[in-house]
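Here's the structure, in structure tokens; my notes come after.
Quick note on labels: first sequence line is chain A, next is B, and so on, each numbered from 1.
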Protein chains: 2
Amino acid sequence: MTIENIIEEKNLKLTVARRELLGILHAHNRPLCFEDIKEKINMDKATFYRNISKFEEEAIVNSFESNDKKRYYEMQEFPHAHFICNTCNAIECLKNIEPINLEGYIITDIIFKGICKGCKHEEE
Amino acid sequence: MTIENIIEEKNLKLTVARRELLGILHAHNRPLCFEDIKEKINMDKATFYRNISKFEEEAIVNSFESNDKKRYYEMQEFPHAHFICNTCNAIECLKNIEPINLEGYIITDIIFKGICKGCKHEEE
DNA sequence: TTCTTATGTGCAACTTAGTCGCATTTTATA
DNA sequence: TATAAAATGCGACTAAGTTGCACATAAGAA
């Protein structure tokens with residue numbers, strides 16, 4: 001599925017900003033915040049946040065808050081859990097954990113916090 | 001364990017602000033943000049954030065970011081997972097879920113996001 | 001290809017959570 | 001009761017995210 005297809009499928013206009021923004025998110029296999037993205041492309045923050053909101057409404061992108069008060073965004077292609085390290089603040093994607101069920105709830109996202117493998121190793 | 005004992009055990013000074021702050025957190029069985037707390041007690045936000053940071057360092061309190069860009073705090077008495085509803089933004093404590101293990105990681109906190117029982121019911 | 005219109009973009013001003021420096025107050029101890 | 005270290009409150013600041021508005025652009029019609 002190309003970026004052009006995704007945009008077309010949702011009946012959104014294909015603009016330069018949208019192509020660039022989805023291009024960056026698609027190319028990186030990790031969640032990115034606005035700060036990460038503005039290092040890579042020159043885009044006004046109002047444009048960034050308006051497009052990101054639209055992508056979230058259309059279920060193209062999903063997001064979560066990390067430990068650093070910033071929101072991180074990624075393509076919703078393969079929904080998966082995340083691990084946020086309290087020590088180094090790194091965000092890892094956990095693509096292979098077994099599904100968890102909570103009776104009565106619909107789970108769309110799981111965030112684990114704690115100490116990642118690297119930091120745990122350094123502590124020992 | 002009284003608030004006075006907790007403070008003394010960690011070798012912190014027992015001040016009016018600290019007693020009030022821990023009193024509020026102790027009295028409410030749900031995570032609270034600064035906005036929630038300033039409705040209940042009159043405390044400068046610098047004092048709030050400095051004390052909350054100290055309580056976190058001392059493992060008296062823990063915290064997480066919600067969907068609303070605010071950080072929520074609660075006593076660390078009974079560590080447990082949380083459910084944040086994407087629809088109504090409510091935060092629920094999940095005190096009875098079975099423990100999850102991730103090989104190589106130390107998990108200190110789990111946050112589930114999705115649709116809570118109430119909102120799921122309304123959708124149907 | 002050009003015209004038209006709805007939609008998107010960029011700018012600047014704004015809001016709000018959270019931080020920091022500093023003068024003053026309070027706690028704990030001698 | 002005196003003292004020193006630590007906590008508080010204030011005001012100024014930072015940075016994420018939002019909003020209104022004028023201008024630019026995508027996409028379909030003519």
Polar pair under 3.5 Å, donor/acceptor by atom type, side chain A:Arg50, base C:dG10:
yes

When rounded to the nearest 0.5 Å, the distance separating CD of A:Glu92 from SG of A:Cys116 is 5.5 Å

From CG of B:Asn51 across to C1' of C:dT26 the rounded distance in Å is 13 Å

When you get a sec, tell me which of D:dA16, D:dA7, C:dG8 is the closest nucleotide to the side chain of A:Tyr49?
D:dA16

Which whole-number value in Å describes the distance from B:Glu8 CD to C:dT29 P?
9 Å

Quickly work out the A:Leu14 CG to D:dG28 C1' distance and round it to whole Å.
15 Å

Would you kindly compare B:Phe34 and B:Val16 by the position of their nearest DNA chain C nucleotide and give the one closer to the 5′ end?
B:Phe34

Counting distance alone, no hydrogens or angles: does the base of D:dG17 have a donor or acceptor under 3.5 Å from a partner atom on the side chain of A:Lys45?
yes

To the nearest Å, give me how far apart NZ (B:Lys13) and P (C:dT29) are.
9 Å

B:Lys38 NZ to D:dC10 P: how many Å, rounded?
14 Å

Gap between atoms NZ and P, on A:Lys70 and C:dG18 respectively (whole Å):
14 Å

Which comes earlier along DNA chain C counting from the 5' end, the contact point of B:Leu12 or that of B:Arg71, where each point is its nearest nucleotide?
B:Arg71

B:Asp44, nearest nucleotide to its side chain (from D:dC10, C:dT9, D:dA27):
D:dC10

In this structure, which one of B:Arg30, B:His26, B:His28, B:His82 forms a side chain to side chain contact (heavy atoms under 4.5 Å, CB included) with B:Glu74?
B:His82

Examine the side chains of A:Glu65 and A:Tyr72 and answer whether a donor and an acceptor come within less than 3.5 Å of each other.
no

Determine the contact category for A:Ala17: base if any of its heavy atoms lies under 4.0 Å from a base atom, sugar-phosphate if only primed atoms, P, OP1 or OP2 are that close, otherwise nothing.
sugar-phosphate

With a non-hydrogen cut-off below 4.0 angstrom, is A:Thr15 in contact with a base, only sugar-phosphate, or nothing?
sugar-phosphate

Nearest-nucleotide 5' precedence on DNA chain D, A:Glu35 against B:Lys54:
B:Lys54

Looking only at side-chain N and O atoms, does B:Asn86 offer a donor or acceptor that is under 3.5 Å from a partner on A:Thr108?
yes

Proximal nucleotide (of D:dA27, C:dT9, C:dA17) relative to the A:Arg18 side chain
C:dT9

Could you tell me whether the phosphate oxygens of D:dG9, OP1 or OP2, come under 4.0 Å of any side-chain nitrogen or oxygen in B:Thr47?
yes

Residues at least two apart in sequence or cross-chain that pass side chain to side chain contact (heavy atoms under 4.5 Å, CB included) with B:Ala46, listed by chain then number, are B:Asp44, B:Arg50

Interatomic distance, B:Glu57 CD vs D:dA7 P [rounded to whole Å]:
10 Å

Please report, rounded to the nearest Å, how far the C1' atom of C:dG10 is from the CD atom of A:Glu20.
14 Å

